[in-house]
Amino acid sequence: MNILTQKILIPNQNVELYIRREDLIHPYISGNKFRKLKYNIEEAQKRQKKSLLSFGGAYSNHIAALAYAGKLNGFNTIGVIRGEELENNFLQNPTLQFAVSCGMQLYFVSRDEYRNKSTAINLEKYQNIFGDFYLVPEGGTNSLAVKGCQEILTETDSKYDFICTAVGTGGTISGLINSSFNNQKVLGFPALKGDFLDNEIAKYATKTNWKLISDYHFGGYGKVSSELINFLNLFYKQNNIPLDPVYTGKMVFGIVDLLSKDYFPKGSKILIIHTGGLQGITGMNQTLKVKNLPTINYYV
Ligand SMILES: *Cc1c(COP(=O)(O)O)cnc(C)c1O
């Protein structure tokens with residue numbers, strides 16, 4: 001697959017900035033979620049499974065991608081969703097509405113149960129309710145997902161000095177690390193707080209040429225500020241590239257901030273991976289409106 005890579009024009013002439021538009025793979029199975037599902041779906045087919053089951057929050061890109069990919073490949077899909085309170089009004093949620101329109105069955109659980117969703121007892125319970133299924137972990141991350149993400153970089157990418165990606169569960173950055181060149185540094189920008197990610201990544205990564213930059217999570221997963229939203233709108237106006245507010249927007253905000261601080265050595269070529277996530281904008285805008293914050297004024 002040949003993915004468009006665009007040069008981004010920046011006032012800072014000391015470095016070159018490029019973005020790989022994995023978001024253009026598909027409006028719903030976009031970016032890294034396509035990469036992460038590819039070999040898992042192959043595996044489910046090999047094992048002759050009829051259903052795929054996975055987990056996610058109300059705006060999950062992974063749930064949207066799984067619902068669509070399942071439909072495309074003739075699987076039943078089941079989404080175990082965090083938050084019982086959504087049970088009666090989930091059709092107001094654009095992500096869940098989309099998932100249902102793809103035929104996904106939703107099963108809402110309390111936050112407590114969600115935390116323990118992968119225990120043997122709960123998995124058995126889901127099996128009793130839904131029958132046999134192929135289990136895709138939360139966020140889609142497992143070794144087959146990492147294998148899929150290794151295909152984001154190809155041999156022609158050796159010219160870059162830095163590869164940058166947003167980080168959620170760590171599967172995507174692990175794939176990038178494994179297929180990176182030794183002279184490259186892979187920088188991850190976590191979209192959430194917490195220091196468990198280094199260990200997660202170390203489970204899958206076969207090299208040590210990586211680093212997490214944890215200063216740009218904006219208070220935690222899914223948290224945004226007017227400053228971030230205004231940045232996204234300006235970035236779109238200047239570059240005609242839509243970013244998502246949960247992952248790629250925070251990363252690019254971080255990179256632009258680091259550029260202003262001369263973080264990157266002169267002459268560096270930096271490749272940003274646009275991992276997609278644009279389906280979440282409609283839901284985020286609903287939340288922003290309620291909070292009287294500025295909204296994101298573009299969508300594909
Ligand atoms: C899920 C997601 C990520 C995080 O990927 P991980 O493999 O979980 O680290 C990054 N960007 C977007 C747009 C995503 O949807």
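Not measured: the values here are computed from a predicted model. For ligands, and for the atoms within them, numbers begin at 1 and follow the listed sequence.
With ligand atoms numbered from 1 in the order given, ligand 1 contributes 13 (C), 14 (C), 15 (O) to contacts under 4.0 Å with heavy atoms of N61. Distances below 4.0 Å separate heavy atoms of G276 from the following atoms of ligand 1: 13 (C). Near G277, the atoms of ligand 1 lying under 4.0 angstrom from a non-hydrogen atom of the residue are 13 (C). For ligand 1 and K36, the ligand atoms under 4.0 Å from any heavy atom of the residue are 5 (O), 6 (P), 7 (O), 8 (O).
Side-chain atoms of I25 and R35, non-hydrogen and from C-beta on, do get closer than 4.5 Å to each other.
The protein non-hydrogen atom at the shortest distance from atom 1 (C) of ligand 1 is K33 NZ, 1.6 Å. Of all protein heavy atoms, the one lying nearest to atom 4 (C) of ligand 1 is G168 N, 3.4 Å.
Ligand 1 has an N or O atom lying under 3.5 Å from an N or O atom of G171, backbone or side chain. Polar contact with ligand 1: present for G170 (N/O pair, distance under 3.5 Å).
In this structure K125 satisfies the salt bridge (charged side-chain N to carboxylate O under 4.0 Å, His left out) test together with E113, sequence neighbours excluded.
Test T287, V224, L278 against P245 for side chain to side chain contact (heavy atoms under 4.5 Å, CB included) and you get one pass: V224.
Using bins of under 30°, 30° to 60° and over 60° for the plane-to-plane angle, the ring pair Y114/F55 lands in the perpendicular bin.
Under 4.0 Å from ligand 1, not a single heavy atom of H62 appears.
Using a 4.0 Å cut-off between charged nitrogen and carboxylate oxygen, E85 and R111 count as a salt-bridge pair. A salt bridge links K49 to D132: at least one charged side-chain nitrogen sits closer than 4.0 Å to a carboxylate oxygen.
Residue N32 holds the heavy atom nearest to atom 3 (C) of ligand 1 of all those in V167, T275, T169, N32.
Taking the ring centroids of F264 and F162, they lie under the 6.0 Å cut-off.
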